Amino acid sequence: MINKTSQDAITPLLPKEFAHTIITWQHQHGRNTLPWQREASPYHVLVSELMLQQTQVSTVIPYFERWIKVFPDLATLAQASEDQVLAQWQGLGYYSRARNLHKAAGYVMTELNGQLPATPESLREVPGVGPYTAGAITAFAFDKPAAIVDGNVKRLFCRYFGINGDPNSSAINRQIWTKAEEYKPHSNSRQYAQALLDLGATICTPRNPKCELCPLQQSCNALATDRVNLLPQKRAKRTLPTKDGYFALDVNANGVILVQRSANGIWPRLWCLPELSELPPRAQVHGSFKHVFSHYRLNATVINCTPSHATTRIPLEALAQYGLPAPIRKYIHTHVLEN
DNA sequence: AAACCGTGGAA
DNA sequence: TTTCCAAGGTT
């Protein structure tokens, strides 16, 4: 092992040295050909950052490429309908992000003359832009100094500085943000931000980190004290509650009946099989599926019936133009279209 | 402050 | 199969 034996022997690099070290590493080993890096325009960065919230890079890439083709600029996006926006976002999850991005386009066009601001404070006024995304846009789109703290930075800093405690608690979160502010360089902001994310994603990973390849191994507190697998502190695991759901299926040669869901709750404003409050008596069960959300499990039963209120029958060939929840689309594909 | 809000990939 | 969690934000 490359551990040092004395905890006192470990001193973190000074901010200037830290930044230089990881920027040099990023140049050789970082990610530099991602789709949103080709043209790091403010709009491209905005779209990518909203899509990347709680979503892995490999998942986002095809969505980003399609999005830019359909909505090439802020003005186009601002003029699009909510349905067009949701159709492009369908399957990506956390659908409020799509509506926030749509609102953001309108906000920037009408209130900011079409120009995204270049400071975290102003960017925080944009819908869907929180503390992380504001810093990320500042650094990636404008190459200006900004602290960024996402899951990668939390993990990297908790290990590098040996920070104990729950990184999601407000106290530890503040501590990490303070470090991020203290360590942000005054130049090369874009590459520094990319270096932080690349290190977290490829070296300082949640499990089986590649410490032997890390440019910070000689000054990492967790490595020196053999606590790499103990930091950051794991959050208590949750047991997800299970809910039952019932969906009405009415399909004929003219298409399938869908309803647009409300703006609140799960799958906001997406088009879905009509949801029934309970299992109707003498229900004809067409099929079932299970689905796991971030906060509960869904056991769904699909019932053959004509819903009393729903009236929108959508031709099967037109389904792609509507935003459907991923499991609903899958069910229709496997249990309706293939029959 | 804590709950809500998706989906899929990896081990 | 289970478990974890990913370029978090909003309420």
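By convention in this document, chain letters (A, B, ...) are assigned in the order of the sequence lines, proteins followed by strands, and residues within each chain are numbered from 1. No experiment lies behind these values; they were computed from the predicted model shown. Computation of the quantities below employed the complete heavy-atom set of this structure, encompassing side-chain atoms and omitting hydrogens, waters and symmetry-equivalent molecules.
Between Phe161(A) and Phe157(A), the ring planes are perpendicular. Angles over 60° get that label, and only those under 30° would be called parallel. Using the six-membered ring where Trp is involved, Phe293(A) and His291(A) have ring planes that are perpendicular, over 60° apart on the 30 and 60° scheme. Ring-plane geometry between Trp267(A) and Phe247(A) is classed as tilted, the angle between the planes lying from 30 to 60 degrees on a 0 to 90 degree scale. In this pair, His335(A) and His286(A) present their aromatic rings perpendicular. The plane angle is above 60°, beyond the 30 to 60° band.
Base contact: Trp36(A) has a heavy atom under 4.0 Å from a base atom. Using a 4.0 Å heavy-atom cutoff across all strands shown, Arg238(A) reaches at least one base atom of the nucleic acid. Residue contacts shown for Gln194(A) include a base, since a base heavy atom lies under 4.0 Å away. Nucleic acid contact class of Thr133(A) (heavy atoms, under 4.0 Å, all strands): sugar-phosphate only.
Salt-bridge formation is detected for the pair Asp250(A)/Arg313(A): a Lys NZ or Arg NE/NH1/NH2 atom is positioned less than 4.0 Å from an Asp or Glu carboxylate oxygen.
Comparing Val129(A) and Leu34(A) by the nucleotide of DNA chain C that holds the closest heavy atom to each, the one mapping nearer the 5' end is Leu34(A).
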At under 4.0 Å between heavy atoms, which parts of nucleotides 6-11 of chain B does protein reach? Answer with one letter per nucleotide, 5' to 3': B base, S sugar-phosphate only, - none.
BBS-BS

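Between the OH atom of Tyr63(A) and the C1' atom of dA7(C) there is a distance of 17 Å, rounded to whole Å.
Legend: residues meeting side chain to side chain contact (heavy atoms under 4.5 Å, CB included) with Pro35(A), ordered by chain and number and at least two apart, are Arg38(A), Ile61(A), Phe64(A), Glu65(A).
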Walk me through whether Asp83(A) and Gln260(A) qualify under side chain to side chain donor-acceptor pair (under 3.5 Å).
CA-CA 10 Å; Asp83(A) 270 344; Gln260(A) 190 166 30; 3.0 Å; yes

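A donor-acceptor contact shorter than 3.5 Å is absent between the side chain of Asn173(A) and the backbone of Asn168(A).
Here, dA7(C) and dA11(B) have their P atoms 14 Å apart, quoted to the whole Å. Separation of the C1' atoms belonging to dC5(C) and dG6(B) is 13 Å when rounded to the nearest angstrom.
Taking the side chain as every heavy atom from C-beta outward, Pro209(A) and Asn229(A) approach each other to under 4.5 Å.
Non-hydrogen atoms lying under 4.0 Å from DNA chain C are contributed by Asp150(A), Gly151(A), Asn152(A), Arg155(A), all within residues 138-159 of chain A.
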